[in-house]
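One structure is given here, and the rest of the page talks about it.
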Amino acid sequence: MKKNNGKSRLGREKYITYLLFALPGFLLYLCFFVSPLFLGVYYSLLDWNGFSKNYNFIGLKNYVKAFSNNDFRRAILFNIRYSIMLIILVIAISLFLSVILNRNFRFRTFVRSVFFMPAVLSMLTVGLIFSEIYFRALPAFGQLTGIPALSANILSSKTTAIFGVLFVHVWQGVAIPTVLLMSALQTVPSEILESSLIDGANRWQQFWKIMMPFLVPTLGVILVLLLRDGLTLFDYVYGLTEGGPGGATRTITLLIYQQGFEEWNFSFAIAESLILSVLLASLSLVQITFTQKKQIY
């Protein structure tokens, strides 16, 4: 009986120790994540400019105003269209690069580091650099070579500005998905690949029938990350176009920034950000559910 009491007391002590170690992290999470979320919900129900002591409780009017706002609807459609193009391009390029870079060849480590180098740069810095390239370098090169498509700044047209931003995003955004997919390719048993070659399978059949099932969990993670990057796009647009020309590249996050910190419509901006959060969480949940069904265990 005493032995059992000793074990139970030891178990309680270990449990209390675990709680004490977890307590600082829990308090930090509560302070910097949970509390701001509830405060944001409360502020979104007010008519408040962000710094005045006077405010009015208006309920859900900010949410109704957001859904009836043409700029907000256009920004959502732009982000959705941009996210679809971003996901397709990054995944296609990353799959191709991961398969190529996973093979044995000379200077493989050097080539891998070159492809990963854009990932360590600041997104805003990359946007400012490419802004100068689009404004000065490409038009000069187009005039020198006589190529009309390159003679004008791609960011100056409403129809082509989105592709200028997308190119920069894909150039930098391919690095991390490529590394993740290369890691996933390491989990493919070499015995299965060798057996498939003996059975007469070609490279495409190997990739689609054998490698792809092992890549599905990683692709699910990449899809969520790319969806988040597409729907919360800010740095590239701010550094390249600032939402122009004529609002053609205005994103949801840029609109929230402008309304919150330029027009001082703070509560309305918070309501829009919460709508964006719900949209992002819903789409991510759908993606995760779909990819989990395709996993192999």
Side-chain angles (χ1 to χ4, degrees), residues 36-37 40-41 43-44 46-51 62-90 118-119 121-135 153-173 224-284:
L37 175 63
V41 173
Y43 289 145
S44 70
L46 306 177
D47 180 14
W48 185 44
N49 59 12
F51 57 88
N62 282 325
Y63 293 93
V64 175
K65 180 181 176 182
F67 284 111
S68 60
N69 187 287
N70 290 329
D71 291 335
F72 184 69
R73 290 202 299 265
R74 281 196 296 267
I76 288 180
L77 291 176
F78 172 83
N79 276 90
I80 292 175
R81 184 159 55 102
Y82 182 91
S83 299
I84 293 172
M85 292 189 292
L86 178 69
I87 289 171
I88 292 174
L89 287 174
V90 170
L121 301 175
S122 165
M123 289 185 290
L124 183 57
T125 302
V126 171
L128 293 174
I129 291 173
F130 271 89
S131 178
E132 290 298 310
I133 293 174
Y134 287 143
F135 180 70
N153 186 353
I154 191 175
L155 302 177
S156 62
S157 171
K158 290 184 177 181
T159 55
T160 59
I162 183 175
F163 300 108
V165 178
L166 184 64
F167 175 82
V168 179
H169 199 162
V170 171
W171 176 80
Q172 188 176 28
V224 173
L225 294 176
L226 291 175
L227 180 64
R228 182 206 63 187
D229 291 345
L231 291 180
T232 61
L233 176 68
F234 178 82
D235 302 75
Y236 297 117
V237 169
Y238 189 79
L240 289 166
T241 65
E242 295 187 5
T249 59
R250 182 182 291 166
T251 62
I252 306 174
T253 50
L254 183 63
L255 182 66
I256 292 170
Y257 170 80
Q258 291 172 340
Q259 291 175 342
F261 296 100
E262 294 180 4
E263 301 178 11
W264 297 110
N265 199 346
F266 195 70
S267 294
F268 183 52
I270 291 178
E272 290 178 324
S273 65
L274 288 173
I275 293 173
L276 174 61
S277 300
V278 172
L279 175 64
L280 179 58
S282 302
L283 293 176
S284 299

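Side chains included, hydrogens not; waters and symmetry mates left out as well; all remaining heavy atoms used.
- Looking only at side-chain heavy atoms (C-beta outward), Trp171 and Phe130 come within less than 4.5 Å of each other.
- Looking only at side-chain heavy atoms (C-beta outward), Val278 and Ser282 come within less than 4.5 Å of each other.
- Not one N or O on the side chain of Ser131 forms a donor-acceptor pair closer than 3.5 Å with the backbone of Gly127.
- Looking only at distances, no side-chain donor or acceptor of Ser157 sits under 3.5 Å from a matching main-chain atom of Ile154.
- Taking CD1 of Ile270 as the reference point, atom CD1 of Ile256 lies at 10.0 Å (rounded to 0.5 Å).
- Distance check, rounded to the nearest 0.5 Å: NZ of Lys65 to CZ of Phe268 gives 5.0 Å.
- Two residues are said to be in side-chain contact when any heavy atoms from C-beta on lie closer than 4.5 Å; Phe67 and Arg73 fail this criterion.
- Closest approach of Leu155 and Tyr134 over heavy atoms only: CD1-CD1, 3.5 Å.
- Distance alone, capped at 3.5 Å, places no donor-acceptor pair between the Ser284 side chain and the Val224 backbone.
- Between Tyr43 and Trp48, the ring planes lie tilted relative to each other; the angle falls in the 30° to 60° range.
- Every pair tested for side-chain hydrogen bond (donor to acceptor under 3.5 Å, both in side chains) that includes a residue from residues 255-279 fails, sequence neighbours excluded, so the list is empty.
- In terms of heavy-atom proximity, Gly243 sits nearest to Val237 at N-CG1, 3.5 Å.
- Nearest heavy atom pair, residue Leu124 against residue Asp235, reads CD1-O, 3.8 Å.
- Environment of OH in Tyr63: crowded, with over 12 heavy atoms of neighbouring residues, nucleotides or ligands closer than 6.0 Å.
- The CZ atom of Phe167 sits 8.5 Å away from the CD1 atom of Ile133 when rounded to the nearest 0.5 Å.
- Within the 3.5 Å criterion, the main-chain N or O of Thr249 finds no donor-acceptor partner in the side chain of Thr241.
- In terms of heavy atoms, Leu89 sits closest to Leu166 at CD1-CD2, 3.6 Å.
- A donor-acceptor pair under 3.5 Å is absent between the side-chain atoms of Asn49 and the main chain of Phe266, judged by distance alone.
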Give the table of side-chain donor-acceptor pairs shorter than 3.5 Å for residues 76-86, with sequence neighbours excluded, one pair per line with atom names and distance.
{"residue": "Asn79", "atom": "OD1", "partner": "Ile252", "partner atom": "N", "Å": "2.9"}
{"residue": "Asn79", "atom": "ND2", "partner": "Gly230", "partner atom": "O", "Å": "2.8"}
{"residue": "Asn79", "atom": "ND2", "partner": "Leu231", "partner atom": "O", "Å": "3.2"}
{"residue": "Tyr82", "atom": "OH", "partner": "His169", "partner atom": "ND1", "Å": "2.8"}
{"residue": "Ser83", "atom": "OG", "partner": "Asn79", "partner atom": "O", "Å": "2.7"}
{"residue": "Ser83", "atom": "OG", "partner": "Leu231", "partner atom": "N", "Å": "3.4"}

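- Counting non-hydrogen atoms of other residues, nucleotides and ligands closer than 6.0 Å to OH of Tyr238 gives a total of 12 or fewer.
- Within the structure, salt bridge (charged side-chain N to carboxylate O under 4.0 Å, His left out) pairs that include any residue of residues 237-260 comprise Asp71-Arg250 (at least two apart or interchain).
- Scanning both residues, Ala161 and Gly244, for their nearest heavy atoms gives CB-O, 4.4 Å.
- Looking only at side-chain heavy atoms (C-beta outward), Leu279 and Ile275 stay at 4.5 Å or farther from each other.
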